There are 2 protein chains.
Amino acid sequence: MQATPPQATPSPATSAPRAWQSVLTHIEGRLLAGDLAPGDRLPPERLLATDLGVGRSSVRGALRVLEVLGLIRTGTGSGPASGAIVIARPSGGMATLMRLQVAGGGFAVADVVATRLVLEAAVVTELAADEPDQAADLAPAAELLDAMDLDLTEAEFLALDAAFHLALAEASGNSVITAMMSGLRNSVERYALAGAAFLPSWSETSTRLRAEHRGILAAVENRDAPLARTLVRDHISGYYAEMTPPPLTTAPTTRN
Amino acid sequence: MQATPPQATPSPATSAPRAWQSVLTHIEGRLLAGDLAPGDRLPPERLLATDLGVGRSSVRGALRVLEVLGLIRTGTGSGPASGAIVIARPSGGMATLMRLQVAGGGFAVADVVATRLVLEAAVVTELAADEPDQAADLAPAAELLDAMDLDLTEAEFLALDAAFHLALAEASGNSVITAMMSGLRNSVERYALAGAAFLPSWSETSTRLRAEHRGILAAVENRDAPLARTLVRDHISGYYAEMTPPPLTTAPTTRN
DNA sequence: GTCGTCGATGTGGTCAGACCACAGAATACA
DNA sequence: TGTATTCTGTGGTCTGACCACATCGACGAC
């Protein structure tokens with residue numbers, strides 16, 4: 001039915017006129033044009049395939065990419081939850097990207113930690129700089145701190161720890177930084193967890209972390225940006241410095 | 001051959017035991033174990049499919065994801081450049097993710113610019129803090145500035161502009177920040193280009209930008225971190241402020 | 001009339017097989 | 001010896017067929 005030799009894809013711009021990329025371009029164009037927005041449903045795969053003149057497998061390839069990148073969510077069956085639905089949730093995609101890049105050596109763990117430091121400092125600076133009358137909502141973060149006071153396993157504690165930092169990022173209102181923080185934290189989660197086993201005393205460390213969290217939140221609430229920055233830096237770099245000995249095997253070989 | 005009813009995938013950990021995800025997990029495991037490193041070639045798709053007990057289409061799905069995320073590069077034909085080769089280049093994946101998230105409304109353009117500001121400031125701070133005797137290599141960035149002195153179209157100028165900022169990030173040595181900067185810049189490139197057409201005077205603006213670049217580089221070379229930070233902030237926010245009127249239609253609807 | 005059951009329908013998920021294009025290697029031939 | 005041809009192995013794509021699943025609607029029991 002469709003182009004066997006001529007390959008009618010109208011976008012051989014760069015170098016690889018692959019079928020699934022043309023589907024991706026098409027959907028991106030519809031997003032850009034506002035024709036597709038979060039909450040909308042994409043056409044069924046089979047319809048999209050015939051409409052665009054490609055095979056269903058190519059459409060599926062594009063949808064899979066969109067799914068991994070957090071752009072859509074797919075569901076089987078029928079009804080409102082079925083089909084491919086635009087969601088535009090970057091966190092998952094960012095986490096996958098970073099996790100795999102760390103696994104593949106594209107990102108050194110030390111760089112991930114350093115970047116987290118930069119972003120985290122920016123977040124608390126931003127939060128502390130807010131006008132008090134229109135302050136960001138720090139309640140979710142505070143609630144997480146309360147939850148961390150309970151008796152928890154290391155994994156549970158670290159999960160809440162991550163959620164706390166993420167809550168701060170969310171409160172700052174920058175979706176890009178929030179997604180990045182989520183991905184960064186996620187990508188080194190296994191290292192944080194593996195390193196926890198090598199700490200001299202988990203109870204001491206967790207007590208210290210709890211206090212540091214309280215301190216950071218208090219500094220933000222008191223609009224003391226420099227203090228908040230300092231505390232955040234010490235908090236993060238301190239934890240990773242304490243547990244670095246065992247893992248952290250970086251492999252910055254960037255051959256082709 | 002493989003499991004029709006029992007679905008022998010050994011990793012139904014979370015919620016979605018999809019075939020291509022199991023392939024992805026398998027490859028991620030091999031990366032983590034050091035069994036696969038940049039430069040290595042993955043097994044052929046057909047072999048991988050039979051080995052893992054899934055269809056070739058599922059293998060292809062995983063490989064496509066890895067390709068989009070910048071983990072592998074695929075090539076047809078035979079010879080050393082064929083097959084799927086691990087490369088671990090995060091820039092492309094980051095750019096795709098951010099571009100699509102901006103298109104889908106997951107990222108507001110303003111947040112992208114704000115994040116770029118944060119990272120760019122961190123980069124120059126880091127560069128300025130280096131010990132003079134082991135200073136980062138700023139030569140590539142300087143060369144780009146020389147190239148920008150020529151008579152260029154707006155698109156050419158902006159491309160070199162992006163390359164200059166990227167060169168700074170690379171000089172800082174943080175691969176994560178470099179990839180993020182690349183992606184951020186890339187995702188708003190169309191806005192930067194579209195906005196350039198609305199500037200009162202391109203020649204004036206480009207002259208100013210050139211001077212600002214020189215200033216930033218000089219501040220870094222003089223180890224004046226505060227100055228470099230200030231200049232970078234003014235440089236970026238100034239440009240976007242000057243051209244914001246027309247585009248920048250954010251759509252922060254985060255339903256579903 | 002109401003409610004439960006059970007098929008019809010439409011969706012994504014997967015598999016299998018068949019081609020094609022491509023690039024290098026092996027072979028045949030001049 | 002050198003060139004042309006064929007072979008082989010790779011990813012890229014299409015097609016068709018299933019399956020699992022979730023909803024909807026018709027039908028019959030009560």
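Order of the sequence lines sets the chain letters (A, B, ...), proteins ahead of strands, with each chain counted from 1. Values in this document were obtained by computation on a predicted structure and should not be read as measured data.
Among the nucleotides D/dG11, D/dC14, C/dT11, the one closest to any side-chain atom of A/P44 is C/dT11. Proximity note for A/R60 (side chain, C-beta onward) versus C/dC15, D/dC14, C/dG13: the nearest is C/dG13. Side chain of A/S58, nearest nucleotide from C/dG12, D/dC14, C/dC15: D/dC14. When distances run from any side-chain atom of B/T76 to the nucleotides C/dT11, C/dG13, D/dG12, the shortest one goes to D/dG12. The side chain of A/R41 lies closest to C/dT11 when the candidates are C/dT11, D/dT13, C/dG13.
For the salt bridge (charged side-chain N to carboxylate O under 4.0 Å, His left out) test, no residue two or more places apart in sequence or in another chain qualifies with A/R46. For the salt bridge (charged side-chain N to carboxylate O under 4.0 Å, His left out) test, residues two or more places apart in sequence or in another chain that qualify with A/R30 are A/D35.
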Considering only distance and modelled atom types, tabulate donor-acceptor pairs under 3.5 Å from the side chains of residues 101-110 of chain A, sequence neighbours left out.
from	atom 1	to	atom 2	distance (Å)
A/Q101	NE2	B/L69	O	2.9
A/Q101	NE2	B/G70	O	3.4

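Between the CG atom of A/L63 and the C1' atom of C/dT11 there is a distance of 12 Å, given to the nearest Å. For the pair A/R64 CZ and D/dG12 P, the interatomic distance rounds to 14 Å; values are reported in whole Å. Atom C1' of nucleotide D/dA22 and atom CD1 of A/I85 are separated by 13 Å, given to the nearest angstrom. Rounded to whole angstrom, the span from the CD atom of B/E45 across to the P atom of C/dC19 amounts to 19 Å. In this structure, A/L24 places its CG atom 12 Å from P of D/dT13, rounding to the nearest Å. Here C/dA23 presents its P atom at 13 Å from CZ of B/R73, a figure rounded to the nearest Å. Distance CG (A/L48) to P (C/dG12): 9 Å, rounded to an integer number of Å. Between A/Q21 atom CD and D/dG11 atom P the separation is 17 Å, expressed in whole Å.
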Please list, pair by pair, any protein nitrogen or oxygen found under 3.5 Å from a nitrogen or oxygen in nucleotides 25-27 of chain C.
none

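Applying the salt bridge (charged side-chain N to carboxylate O under 4.0 Å, His left out) test to every pair with at least one member in residues 164-183 of chain B, sequence neighbours left out, gives no pairs at all.
Side-chain atoms of A/R46 come within donor-acceptor range of the base of C/dG12, with a qualifying N/O pair under 3.5 Å. On a pure distance criterion of 3.5 Å, a polar donor-acceptor pair joins the side chain of B/R56 and the base of D/dG12.
Contact annotation for B/S57: base contact, defined as any heavy-atom pair under 4.0 Å involving a base atom. Within 4.0 Å (heavy atoms only), B/G55 reaches sugar-phosphate atoms of the nucleic acid but no base atom.
The minimum heavy-atom distance between A/Y239 and A/A196, with the atom names listed, is OH-CB, 3.9 Å. When every heavy atom of B/L152 is checked against every heavy atom of B/A147, the shortest pair comes out as CD1-O, 3.8 Å.
Where A/A81 and A/W20 meet DNA chain D, the nucleotide closest to each residue was compared, and A/W20 sits on the side nearer the 5' end.
Listed for the A/Y191 side chain is no donor-acceptor partner under 3.5 Å among the backbone atoms of A/Y240. When atom types are taken as modelled, the side chain of A/T96 and the backbone of A/G92 share a donor-acceptor pair closer than 3.5 angstrom. Side-chain atoms of B/S182 never come within 3.5 Å of backbone atoms of B/T178 as a donor-acceptor pair (strictly under, hydrogens ignored).
Exactly one residue among A/L42, A/L47, A/L48 makes a side-chain contact (heavy atoms from CB on, under 4.5 Å) with A/P44. That residue is A/L47.
With the end axes of the helix from C/dG1-D/dC30 to C/dA30-D/dT1 each set by five pairs, the angle from one to the other reads 30° at 10° resolution.
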